[in-house]
Every structure is written in C-alpha cells, then in structure tokens.
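If you're wondering where the values come from, they're calculated on a predicted model, not measured in any experiment. Below, chains carry the letters A, B, ... as their sequence lines are ordered, and counting in each starts from 1. Note: hydrogens, waters and symmetry copies are ignored here, and every other heavy atom, side chains too, is used.
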Amino acid sequence: MTTRLPRRSFARSATEVAPELLGHILARRLPDGVVLRARIVETEAYDQNDPASHAYRGRTPRVRVMFGPPGHLYVYFTYGMHHCMNVVTGPVGTASAVLLRAAQPLEGMERMSIRRRTDRVRDLCRGPARLAQAFDVDRSLDGADLVRGSEIWIERGPGASAASIRRGPRVGIRVGTDLPWRFWIDGPWVSVSRPAAVLSPR
DNA sequence: TCCCCGATTAACT
DNA sequence: GTTAATCGGGGAG
C-alpha cells in the first residue's frame, strides 16, 4: 500500500522541502490509465527573494501558482520547446517551489521511452525537461494538486539518509549561483555530474 | 509593439 | 568542448 505525502510535507520552505523529497516517488496516471513511477534523486529550491526564481519580480500570470497553496504543481515552458515541473512550497502568498530535476525510472518505462524517443533507461528522466517529457507533463498540468489530484502525485518512498544527500550550486542559472540549493543522491540518475558538493555554509 | 533571452537538450566538432 | 533549435515571458520604449 502506498501513501501520498500530505500537504504539510510541502508547507515548509523550499530549502527544507527540496532535500526531503529525495527518495520519494513521483507518480503519474496517464489519460488511458497507465501509471508511471520514478524515484526522485535531484531537486533544486527556488525561494521568495531569490533572484534566480521566476517569481522574483512579483506576481505574473505565468507564476500565479507559485503564490498559491503548497503541494501543487508549477509547470513552465522554456527555450521554446521544454517543460519543467516544480512542487509549490510554503504558505499562500509566498512564492517558493522545488524544481524536480531528475528521477530513477521504476514503472511505465515503456511509455516513457515512447515519449522520450529513446530506449536508454538512463536518459528517460535525467534532467528536468526530460523528466517532464517522460511524464507527459505540460502547462495543462500547471496548478495540479499533488495531494488530492488524480493526474500526478508524490508517494512516500524509502526517502534518503542524511548522509547520502549531496548539495551544491544550482544548475543553469546566472544569478544566485552562490546558494547551494541543489540537492541530489549520487548515482547514474542525476542530470549533471558536478566536481564536488559544497558543504552547508555557516 | 519590439526585442532579448531563458531553472535545456541533442547533436555536433 | 560548442551551438542550433524554438517561442513565450516580460522589461523597455
């Protein structure tokens, strides 16, 4: 029997939620009923007052969901061709979210392979846009409720021991690179190999 | 309205 | 290592 992460799991700050999502299971029910599952192995936190956050300049139609209640999906479109998905965190009125960057495929790999146009399991969910494509996530799922919805949700998995969690600078941004807000579990499933994890500051 | 560029990926050399 | 692909968001004018 599987249980979903409850609303309160997402109600804290993005920097708290991001490492806590590692080791849990992203699940998706496709329109025809097929269920996809993958173990989350890489996340990034995007906070209010974070120059790298899409919501840094305030409330716009695109980032509306980020200001809403926690436990919903924020999906954005970028580079003219890619979608990426985030979990909204924190209380209503604050804009923070956790970007899901990579996962280890567990179930429904055949369907992921069709979407991704590759049979290489390692490439199915390794990267935020690859993950979104494998899970058939686009802007139509923006705002989906991960706690009560039937299209996409997060199940409690084995989690990750504190000792197995690495952290370091976020990927693909030009500001806020000093913040070690990328979290991952070492292995073949993460999107980018980085020289070394930096230790938590302070 | 114009214009630059992006929380990326794949296919190159 | 480099770069094209491709288009919506949002700041500037």
Taking only the side-chain heavy atoms of [X] (C-beta and beyond), determine which of [options] contains the nearest atom.
X     : options              : answer
A:T60 : C:dG10, B:dG6, B:dA7 : C:dG10
A:N86 : C:dG10, C:dG8, B:dA7 : B:dA7
A:F77 : C:dG10, B:dA7, C:dC7 : C:dC7

Given DNA chain B, 5'-ward residue of the pair A:R116 and A:R174, judged by closest heavy atom: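 This one resolves to A:R174.
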Test: A:R7 and A:D145 ion pair at under 4.0 Å: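 Salt bridge: yes.
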Aromatic ring pairing A:Y76/A:H54, orientation class (parallel under 30°, perpendicular over 60°, tilted between): perpendicular
d(CG, A:D123; P, B:dT8) in whole Å: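 Nearest whole value for this atom pair: 16 Å.
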Rounded interatomic separation in angstrom, taking CG from A:D142 and P from C:dG8: 15 Å
A:H82 or A:P61, whichever maps to the more 5' nucleotide of DNA chain C: A:H82
Whole-Å P distance, B:dC5 and C:dT3: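 Their P atoms lie roughly 16 Å apart.
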Sugar-phosphate, base or nothing in reach of A:I173, heavy atoms under 4.0 Å: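 Since only primed, P, OP1 and OP2 atoms lie under 4.0 Å of A:I173, the category is sugar-phosphate.
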Nucleotide pairing, DNA chain C (Watson-Crick or G-U, distances under 3.5 Å), in dot-bracket with [ ] and |: |||||.||||||.
Contact list for DNA chain C against residues 127-138 of chain A - heavy-atom distance below 4.0 Å: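 None - not one residue of the stretch has a heavy atom sitting under 4.0 Å from the strand.
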Sub-4.0 Å heavy-atom contacts from residues 47-56 of chain A onto DNA chain C, ordered by number: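 Listed by number, there are none.
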Lys NZ or Arg CZ of A:R28 over A:F135 ring: under 6.0 Å, within 45°: no
